[in-house]
Protein chains: 2
Amino acid sequence: MELENLLKQRGLKVTDQRKAIVKVLKDCNCMLSARDIFDKVKQIIPGVNFSTIYRNLDLMSRKGILCGLMVDTGVSLYGLHREEGHHHHLVCKGCGRSMAIDYCPMSSVEKELAKKGFSPTEHEFIVYGFCGSCGTSGRGE
Amino acid sequence: MELENLLKQRGLKVTDQRKAIVKVLKDCNCMLSARDIFDKVKQIIPGVNFSTIYRNLDLMSRKGILCGLMVDTGVSLYGLHREEGHHHHLVCKGCGRSMAIDYCPMSSVEKELAKKGFSPTEHEFIVYGFCGSCGTSGRGE
DNA sequence: ATTCAGTTGCAAATAATTTGCATTTATAAT
DNA sequence: ATTATAAATGCAAATTATTTGCAACTGAAT
């Protein structure tokens, strides 16, 4: 019921596909690619179309309901937007999950940017590696 | 002549297309997309093929002659590898140029990662914004 | 000069994402 | 409840970025 209000507040209609996308992300509690989300939503709504997924991931990200992340392979990952505010991510190369970290490097570079006359708008900080369960050796591919 | 040795050291043949790619990146002194590089190399070698560009960007990046960077639109940018070592980038949304910054946030998160049992392998830190010449307002597109 | 692995051009294939359009649907107004 | 309508969806086709198979070519070692 909470999601319904969130969507309405942002002027978005409450549709089954949007509810399914959010459910999938809530259940997984990690960030997923559009394809992963599509596959999981299909188990809930067999007839969903991929373009509906893409349109909603984009729209809900722009409305602050989801947040997107571009990883170094050029694929976007999406997750629920954390209200707690700004944060960055660890991406596990073993299981593909991502976790949040609160540390943000921006305050440490502000002076250097000002000196260069650069006005920052966005930034990203992503750490790739292996999480506790996947270990330093990874799990192959 | 320096490049020729660099290529040979890495077991790569010295070809006109490789020389042209490096020349383009040296002249621009910034990071460019594969398409930009292709367009500029074509002015030197009209017959180059796009796949040759891609193969060499990938190969020379893996050999440490170039370095690649995935920006948040999902496009890779390539530049000459700076021997001076590890660094990160500012990407101007006005002119598309990128500059290096030396600050690296990794040392500040090491403890937090260790606590989470996460073993980092790679990381990226990119700041988007507008450089001195493009100003805070940007220049449209 | 000969050899041969490495490299290139070409064309076709992938993969990720976007778009146009007709149909459907959630919501607001009746 | 019914209706009107803008928003949302499904579908198919288009884009964009990148990759791959393969035959022809070329740099470098002999």
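Because the structure is a prediction, the values reported are computed rather than measured. Values reported hereafter were calculated over all heavy atoms of this structure, with side chains retained and with hydrogens, waters and symmetry mates removed.
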Requested in this report: Any chance you could measure I45(B), atom CD1, to K40(B), atom NZ, to the nearest 0.5 Å?
Outcome: 15.0 Å
Report task. Residues of residues 8-25 of chain B with any non-hydrogen atom less than 4.0 angstrom from an atom of DNA chain D: list those, numerically ordered, please. Result -> K8(B), K13(B), V14(B)
**Report entry** Protein-nucleotide distance (L3(A), atom CG; dA26(C), atom P), rounded to Å
**Finding:** 15 Å
Query raised in the report: Between H123(B) and H88(B), how do the two ring planes meet: parallel, tilted or perpendicular, split at 30° and 60°?
Result: tilted
Query raised in the report: What's the CZ-C1' distance between R62(A) and dT18(C), to the nearest Å?
Result: 13 Å
Report task. Could you check which residues of residues 38-60 of chain B get a heavy atom under 4.0 Å from DNA chain C? Sort them by number, please. Result -> G47(B), V48(B), N49(B), S51(B), T52(B), R55(B), N56(B)
Query raised in the report: Do D72(B) and K93(B) meet the salt-bridge criterion of a basic N to acidic O distance under 4.0 Å?
Result: no
Query raised in the report: Between dA16(C) atom P and Y78(A) atom OH, what is the distance in whole Å?
Result: 13 Å
Query raised in the report: Between V127(A) and V91(A), is there a shared hydrophobic cluster once you connect ILVMFWY residues whose side-chain heavy atoms come closer than 4.5 Å?
Result: no
Query raised in the report: Parallel, tilted or perpendicular for H87(B) and H89(B), by the 30°/60° rule?
Result: perpendicular
Report task. Look only at the side chain of R18(B) and the backbone of K13(B), and say whether a donor-acceptor pair between them is shorter than 3.5 Å. Result -> yes
Query raised in the report: What integer distance in Å separates R35(B):CZ from dT19(D):P?
Result: 14 Å
**Report entry** Charged N-O contact under 4.0 Å between K23(B) and D16(B)
**Finding:** no
Requested in this report: Show the numbers, then the answer: is there a side chain to side chain donor-acceptor pair (under 3.5 Å) between D58(A) and S61(A)?
Outcome: CA-CA 5 Å; D58(A) 177 52; S61(A) 294; over 6 Å; no
Query - D72(A) CG - dA16(C) P separation (whole Å) - result: 14 Å
